[in-house]
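Naming: A, B, ... by sequence-line order, numbering from 1 per chain. Only this structure's heavy atoms are used, side chains among them; waters, hydrogens and symmetry mates stay out.
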Amino acid sequence: MLLVNSIRDNFEVVLEGLQKRNFTHAEAVLHQVLEIEKSRKETQLERDNLQAESNSLSKQIGMLMRDGKKAEAENIKTKTAAIKDRIKSLEESYNTYEEDLRQLLYTIPNVPHYSVVKGKSADDNEVVLEYGEIPELPEDKLPHWDLIKNYDIIDFELGTKITGAGFPVYKGRGARLQRGLINFFLDEAIKAGYNEVQPPILVNEDSGYGTGQLPDKEGQMYEATADKLYLIPTAEVPITNMYRDVILNEIEFPIKNVGYTPCFRREAGSWGAHVRGLNRLHQFDKVEIVQIVHPDHSYEALEEMSEYVQGLLQKLELPYRVLKLCGGDMGFTSSLTYDMEVYSAAQERWLEVSSVSNFESYQANRLKLRYKGDDKRTQLAHTLNGSALALPRIIAALLENNQTEEGIRMPEVLIPYLGFDII
RNA sequence: AGAGGAGUGGCAGAGUGGUCGAAUGCGGCGGUCUUGAAAACCGUUGUACCGCAAGGUACCGGGGGUUCGAAUCCCUCCUCCUCUGCCA
């Protein structure tokens, strides 16, 4: 969430930023924040002063009791009663102000980077670059949902029987392709200096708030209600929350973690060809990279992560493009996001396979993730993450783009991981 | 899951109603000494909020309560340890 001080000190900048993402009533909400904050401070001042008075009287009572002057002590006791009532009522208002402030801040999205354009929807995203040749496929090319049936490598009906729609069963070479890709992605990340972690895939409420899934996206997560736990929608949640309530030493930067996890998304209300087959699932696999860095270097880190993800796509020989998201299309917590999309030659459309974001201090503020430098001051760190990569659409593109009469050709780099070169 | 025990500063560990944000040791940082290092000695060393500052307030696992006053007493939740049970 945003820092109140930054809203106060950079009011115009914050306002302009929020307007870029079409956040309605931005000005009114920001003014409300400052107003509540003002009341909060006034209440604290009064409460603290009374508390100081009460503390001092209590000490006097203690000393009088020790000296055996009981009558005098009793006399002071009566004075404290009134103060106590007043403190209690101030305490209640203070808590209300604090809670109202927090709830209000939860509703305010991150301020986009100054270079982010306004825009209304995904149509206004800027294509930063395109890479690779779009393959020419024969007339009888098939979309992946037909290919997986023909080769019997992914079974949606079977998954529907076991669980429900959007939970496919990967079979035979389909399963091995999954496993091969996961291992390939993890190995590449390790080579790039990331530390591999295996986090839990159920998280508690605090973690959901820490990275911003709660309260914003409550309905999009599966919930284990008996234990108040959530199935993670992305490994970003557990991996970033490892650093909740942590004060790092500056010399530990940059912190680079990578983890493979299944991801679970309820994604209600979607339909049509765009969500067919592997395009949108309730459960899918993803390798996620997460960085925690010094605020001065977070945009360098973002570029580095973007290039890293692009390198993976190049190795997989997939044509891709990089989008810089406009304000209207960016996630709630992000300051700047690049989306990587691969071209699916049979569906003849671009599929998002990665999203790389810099959250600046927005998540860190919720997480209380700070660092201490040479000057001994504690400050908020910056967090970033990116998919590297999400499997289903990569598989969709690999299957579609590499289909031949002999079968589906696998990219060179995967063959050692698969043990076969064609499906 | 049942029975018992325990949660205090970076770590170890004292403190069982008042002068305790908290002894002491270790570690960290600064200094003295030394050609340098070690040792020794001296100093310093939590977080957050309010305040221009002086200073104030809160925090001893979380929340609530008793009391003029709580690390200390009570309730509740969480976590960890030991034993028993169960289990990949």
Enclosure of A:Glu126 CD (heavy-atom neighbours >12, cutoff 6.0 Å):
yes

Distance-only side-chain donor-acceptor flag, A:Glu303 / A:Tyr338, under 3.5 Å:
yes

Please state the P separation for the pair B:G30 and B:U79 - nearest whole angstrom.
41 Å

Just call it for A:Lys372: base, sugar-phosphate, or nothing, with non-hydrogen atoms closer than 4.0 Å on any strand.
sugar-phosphate

B:A6 pairs with which nucleotide, Watson-Crick or G-U wobble, both distances below 3.5 Å?
B:U79

Nearest to the side chain of A:Lys59 - B:C50, B:U19, B:C68?
B:U19

Please list all pairs passing the ring pair (Phe, Tyr, Trp, His ring centres under 6.0 Å) test where one or both residues lie in residues 199-250 of chain A, with sequence neighbours left out.
A:Tyr106-A:Tyr209

Give one of base, sugar-phosphate or nothing for A:Gln51, where a contact means two heavy atoms less than 4.0 Å apart.
sugar-phosphate

Does B:G85 pair with anything, Watson-Crick or G-U wobble, both distances under 3.5 Å, and if so, with which nucleotide?
none

Taking atom C1' in both B:G7 and B:G62, compute the distance separating them and give it to the nearest angstrom.
12 Å

Should A:Glu360 and A:Tyr299 count as side-chain neighbours, where that means a heavy-atom distance under 4.5 Å?
yes

So what does A:Thr378 hit on the nucleic acid, given a heavy-atom distance under 4.0 Å: a base, only sugar-phosphate, or nothing?
sugar-phosphate

Using the C1' atom as the reference point in each nucleotide, state the distance between B:G13 and B:G51 in Å, no decimals.
36 Å

NA contact type, A:Ser58, heavy-atom cut-off 4.0 Å: base, sugar-phosphate, or nothing?
base

Regarding A:Ile61, tell me which of base, sugar-phosphate or nothing describes its non-hydrogen contacts under 4.0 Å with the strands shown.
base

Tell me which nucleotide among B:U57, B:A48, B:C49 gets nearest to the side chain of A:Asn55.
B:U57

Watson-Crick or G-U wobble partner of B:A58, both distances under 3.5 Å
B:U47

Can you tell me the pairing partner of B:U32 across any strand shown, Watson-Crick or G-U wobble, with both distances under 3.5 angstrom?
B:A40

Under 6.0 Å from the ring centre and within 45 degrees of the ring axis: does the NZ or CZ of A:Arg173 meet both conditions for the six-membered ring of A:Phe420?
yes

Under 4.0 Å, heavy atoms only, any strand: does A:Glu37 hit a base, just the sugar-phosphate, or nothing?
sugar-phosphate

